[in-house]
Amino acid sequence: MSITDPVLFVGWFCPFAQRTWIGFEYLNVKHTLVNGEDSVVLDSENKLMLKGKRLVDATPAGQVAVVPTVIWGEGQDKKTKTGTSISFPFICSIFHHFSFPSYQQGSIDLLLACKDNSDPFFRGKETLDEWGKLCGSDFYGSLKPDIHEECFARLSETLALFSERLDGPFYHGEEFSIVDCVVFPFLYRAFSLKLFQAFRNHDVHGFPWSSKLQSWVDRCLELPSVRKTLPDDADPATGFSQKLFNVYPIYAQGIGLKGVVAESIDEPQ
């Protein structure tokens, strides 16, 4: 059986890709990173996300452009996981798999992963579903014109609970964990980019729990594994990125980006 190191396709603008990227960096997973226009091309004017050249070559024709995409193995053992298929359980297993000695021994069975819970990074993996609204429906809903009030109210309650559960510099104390990894990209956008304040006049800095969560975001931003995943124009002190901020007006319009089946930016839609 032949094994290759994973190839991780990310988009600099995508929080779902960012959390997978952070995990690979933090766990020192040996991998090949594909970013920028080799991975996906952002066409904000037409609200599309198109496959870059290397993603075209690596994925089946007709498959929509999705990040993150993780590819590993060769021949009949080649495996591909994309986008929403990289669920919380899969994130746990893929991080564990590629940072665990069984990978070096040739195992590619991700279903066997996460059996060894000794690594502090994996503490709290059973709570990930609880924080799903921080990383999905209520986050994006808080930007939309028709449902932002109700979504932000729920999001605020979840943020308060997350703050209450913080048990030190990071979610589980002194060690960065998979919970911090999965939640950070979304709270980074809320606190450092101030998206909700800019588009819907919802200020995440005006609550009793705000300073605690801002401190948590700042601590995460200090980690080299996190800083590697920030856009190239991110402010060294605050993490603010104008380029990333400029992605979100289409979400505030209630539209968002759509991955399309076209194989490259040059193909007609």
Side-chain angles (χ1 to χ4, degrees), residues 8 10-31 33 35-36 67-68 88 91-92 94-96 98-99 118-125 127-128 130-131 134-135 139 155-156 158-198 203-248:
L8 174 62
V10 301
W12 58 267
F13 51 87
C14 177
F16 299 99
Q18 187 180 17
R19 66 190 187 186
T20 307
W21 186 4
I22 291 171
F24 271 39
E25 294 290 345
Y26 186 80
L27 293 169
N28 293 314
V29 172
K30 186 179 179 183
H31 66 285
L33 180 74
N35 197 4
V67 285
F88 290 153
I91 285 174
C92 287
I94 201 167
F95 286 167
H96 187 281
F98 288 120
S99 64
S118 60
D119 191 321
F121 179 79
F122 293 99
R123 288 180 61 194
K125 65 181 185 296
T127 71
L128 291 178
E130 189 172 3
W131 308 123
L134 294 178
C135 313
F139 176 87
L155 185 68
S156 300
T158 310
L159 288 169
L161 182 60
F162 187 78
S163 173
E164 182 181 321
R165 299 275 184 85
L166 278 178
D167 189 25
F170 299 108
Y171 185 78
H172 278 298
E174 298 297 322
E175 298 285 344
F176 186 75
S177 75
I178 194 167
V179 177
D180 303 291
C181 177
V182 165
V183 173
F184 168 79
F186 299 88
L187 267 60
Y188 160 62
R189 285 157 173 76
F191 281 83
S192 295
L193 302 188
K194 302 180 180 180
L195 294 180
F196 304 133
Q197 184 175 1
D203 187 3
V204 294
H205 294 85
F207 293 88
W209 40 259
S210 299
S211 61
K212 188 175 182 181
L213 290 187
Q214 179 66 69
S215 295
W216 174 82
V217 170
D218 292 341
R219 283 190 293 271
C220 291
L221 283 169
E222 293 173 357
L223 296 174
S225 54
V226 170
R227 296 207 66 83
K228 284 182 180 180
T229 71
L230 300 181
D232 54 19
D233 70 332
D235 184 275
T238 66
F240 178 80
S241 162
Q242 187 65 55
K243 184 167 74 170
L244 184 55
F245 181 90
N246 291 343
V247 170
Y248 282 88

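Just so it is clear, the structure is predicted and the values come from calculations on it, not from any experiment. One is the number of the first residue; the rest follow in order along the sequence.
Using a 4.5 Å heavy-atom cutoff, the side chains of Leu213 and Leu166 are in contact. For the pair Leu155/Phe196, a side-chain contact is recorded, criterion being any heavy-atom separation below 4.5 Å from C-beta on. Within the 4.5 Å cutoff, the side chain of Thr20 has no heavy atoms near those of the Val67 side chain. A 4.5 Å side-chain heavy-atom check between Tyr188 and Ser241 finds at least one atom pair inside the cut-off.
With hydrogens and angles disregarded, a donor-acceptor distance shorter than 3.5 Å links the side chain of Ser192 to the backbone of Thr238. Side chain of Ser163 to backbone of Leu159: no donor-acceptor contact under 3.5 angstrom is found. Although no hydrogens or angles enter the test, the distance criterion places no donor-acceptor pair under 3.5 Å between the side chain of Tyr26 and the main chain of Cys181. Not one N or O on the side chain of Ser225 forms a donor-acceptor pair closer than 3.5 Å with the backbone of Ile22. Using a distance-only test at 3.5 Å, with no hydrogens or angles considered, a donor-acceptor pair links the side chain of Asp180 to the main chain of Tyr171.
Of all non-hydrogen atoms in Leu8 and Pro68, the two that sit nearest each other are CD1-CB, 4.2 Å. Closest approach of His172 to Ser177, counting heavy atoms only: CD2-OG, 4.0 Å. In this structure, Ala234 and Gly239 approach most closely via the heavy-atom pair CB-O, 3.7 Å. Across all their heavy atoms, Phe121 and Gly23 have their closest contact at CZ-CA, 4.4 Å. Across Gly168 and Arg219, no two heavy atoms sit closer than the pair O-NH2, 3.7 Å.
Of the inter-residue distances, the one linking Lys228 atom NZ with Leu33 atom CG reads 10.0 Å to the nearest 0.5 angstrom. Residue Leu221 holds its CG atom at 10.0 Å from CG of Asp235, rounded to the nearest 0.5 Å. We find the NZ-OG distance between Lys212 and Ser210 to be 12.5 Å, quoted to the nearest 0.5 Å. To the nearest 0.5 Å, the span separating CZ on Phe240 from CZ on Phe191 amounts to 16.0 Å.
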Quiz item: What's the verdict on side-chain contact (heavy atoms from CB on, under 4.5 Å) for Asp232 and Lys243, showing C-alpha distance, side-chain angles and the deciding distance?
Solution: CA-CA 9 Å; Asp232 54 19; Lys243 184 167 74 170; 3.0 Å; yes
Exercise. Could you walk me through whether Val179 and Trp131 pass the side-chain contact (heavy atoms from CB on, under 4.5 Å) test, one step at a time?
Key: CA-CA 9 Å; Val179 177; Trp131 308 123; 3.9 Å; yes
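Legend: residues meeting side-chain hydrogen bond (donor to acceptor under 3.5 Å, both in side chains) with Asp218, ordered by chain and number and at least two apart, are Gln214.
Between Glu130 and Arg165 there is a salt bridge, since a side-chain N of the basic residue sits under 4.0 Å from a carboxylate O of the acidic one.
Of the residues listed (Phe176, Phe170, Phe162), the one engaging Trp216 in a ring-ring contact (aromatic ring centres under 6.0 Å, His included) is Phe162, and it is the only one.
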Could you pull out all donor-acceptor pairs under 3.5 Å where a side-chain atom in residues 10-18 meets a protein atom, sequence neighbours excluded?
| residue | atom | partner | partner atom | Å |
| --- | --- | --- | --- | --- |
| Gln18 | OE1 | Arg189 | NH1 | 2.9 |
| Gln18 | NE2 | Thr229 | OG1 | 3.0 |

